[in-house]
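Shown next, in structure tokens, is the structure this report addresses.
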Protein chains: 2
Amino acid sequence: MDEFDRKILLCLQENAADSLEAIAARVGLSTSPCWRRIQKMEAQGVIQRRVALLDPDRMRVGVTVFVSVRTNRHNADWAERFCAAVVAIPEVVEFYRMSGEIDYLLRIVVPDIAAYDRVYKRLIQSVELYDVSSAFAMERIKYTTALPVTYAE
Amino acid sequence: MDEFDRKILLCLQENAADSLEAIAARVGLSTSPCWRRIQKMEAQGVIQRRVALLDPDRMRVGVTVFVSVRTNRHNADWAERFCAAVVAIPEVVEFYRMSGEIDYLLRIVVPDIAAYDRVYKRLIQSVELYDVSSAFAMERIKYTTALPVTYAE
DNA sequence: CGTGAAAACGTTATCTC
DNA sequence: GAGATAACGTTTTCACG
């Protein structure tokens, strides 16, 4: 991956609605090679897909909660049921298995604390959990879907 | 916002590359009213923008680290300098001011632990921090940019 | 890689019912 | 809201330098 590809990815990560012509102009290529590069990166799976980003406040999910989960049930069957239950909750937008003290970390978006409580109850009744702790975000200072392009080979 | 709008948003959050015709067919409208609804939601700012999502592994940023920051400097000047420094780091993809024990939470993406250490050093030399603790994600079980549409009015 | 051009396709806008 | 249509722009493919 060369400088041109990296520039194309920077553009597409910022704004995927731009025309091919506009992208080509910005990266310093003509449309044909620019188009060929985008096709190649889509075929390779570097570019996974294009999505629309919505305004959380206007969608009434302005409250972000990070939920740390600890378990005492370290077996595959439990993990499978827990993961399936969490993935099915639409308010859970991120879900990681962690190293260290905390076993799982969830990011949840809801309109208010009452709505969070309903999600929390759904969570704890899905499977047995050892410890669940919630931390509320007061302010979203940075949120980007754009990955750094500097490490790509 | 009615059921049609919500269905349109579900589609666009999944795949913004689909043609208007395909979206209209899926939500059960003809192209004209579907197009008008999308235009309206873009004008209102409900739909913020369209972006390309890249594969983290192929971009060599497969390692996700959550960094919890505590400070003893609770003044506006410090906060401004800290936020400006963090926002400028491309590896930081999410950055929240939190309630409770932790003052700030960052999500950082890097290729490996050595690269994380370089970001960590950049972070701690930017401003004085009371406590910084890192938690590594072992597995990304769910990650979506799609907000739940059920709360929108 | 670049240019240029043609065909195919999708979008936008308008109008009628 | 549906459906039709026309103008317009973009995407895609191609041949050639």
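Numbers restart at 1 for each chain; the letters A, B, ... are given by sequence-line order, proteins then strands.
- The separation between A:Arg36 atom CZ and C:dG2 atom P is 8 Å, rounded to whole Å.
- DNA chain D lies under 4.0 Å from at least one heavy atom of each of the following residues of residues 17-34 of chain B: B:Gly28, B:Leu29, B:Ser30, B:Ser32, B:Pro33.
- Atom-to-atom, CG of B:Asn15 to P of C:dG10 comes out at 14 Å; the value is rounded to the nearest Å.
- Using the six-membered ring where Trp is involved, A:Tyr104 and A:Trp78 have ring planes that are tilted, between 30° and 60° apart.
- Across all their heavy atoms, B:Asp18 and B:Ile23 have their closest contact at O-CD1, 3.8 Å.
- Across all strands, B:Arg37 comes closer than 4.0 Å only to sugar-phosphate atoms, never to a base (heavy-atom distances).
- In plain terms, the two heavy atoms of B:Asp103 and B:Thr71 that are nearest each other are OD2-N, 2.8 Å.
- Residues A:Glu94 and B:Arg107 are paired through a salt bridge, judged by an N-O separation under 4.0 Å between the basic side chain and the carboxylate.
- One interatomic measurement links the two molecules: CD1 of B:Ile38 to C1' of D:dG1, which rounds to 16 Å at whole-angstrom precision.
- The existence of a salt bridge linking A:Asp2 and A:Arg37 is confirmed by a sub-4.0 Å separation between a basic side-chain nitrogen and an acidic carboxylate oxygen.
- Within the structure, every side-chain polar atom (N or O) of A:Trp35 is placed at least 4.0 Å from both OP1 and OP2 of D:dT11.
- Electrostatic pairing of A:Glu14 and B:Arg49 counts as a salt bridge here, judged by a charged N lying under 4.0 Å from a carboxylate O.
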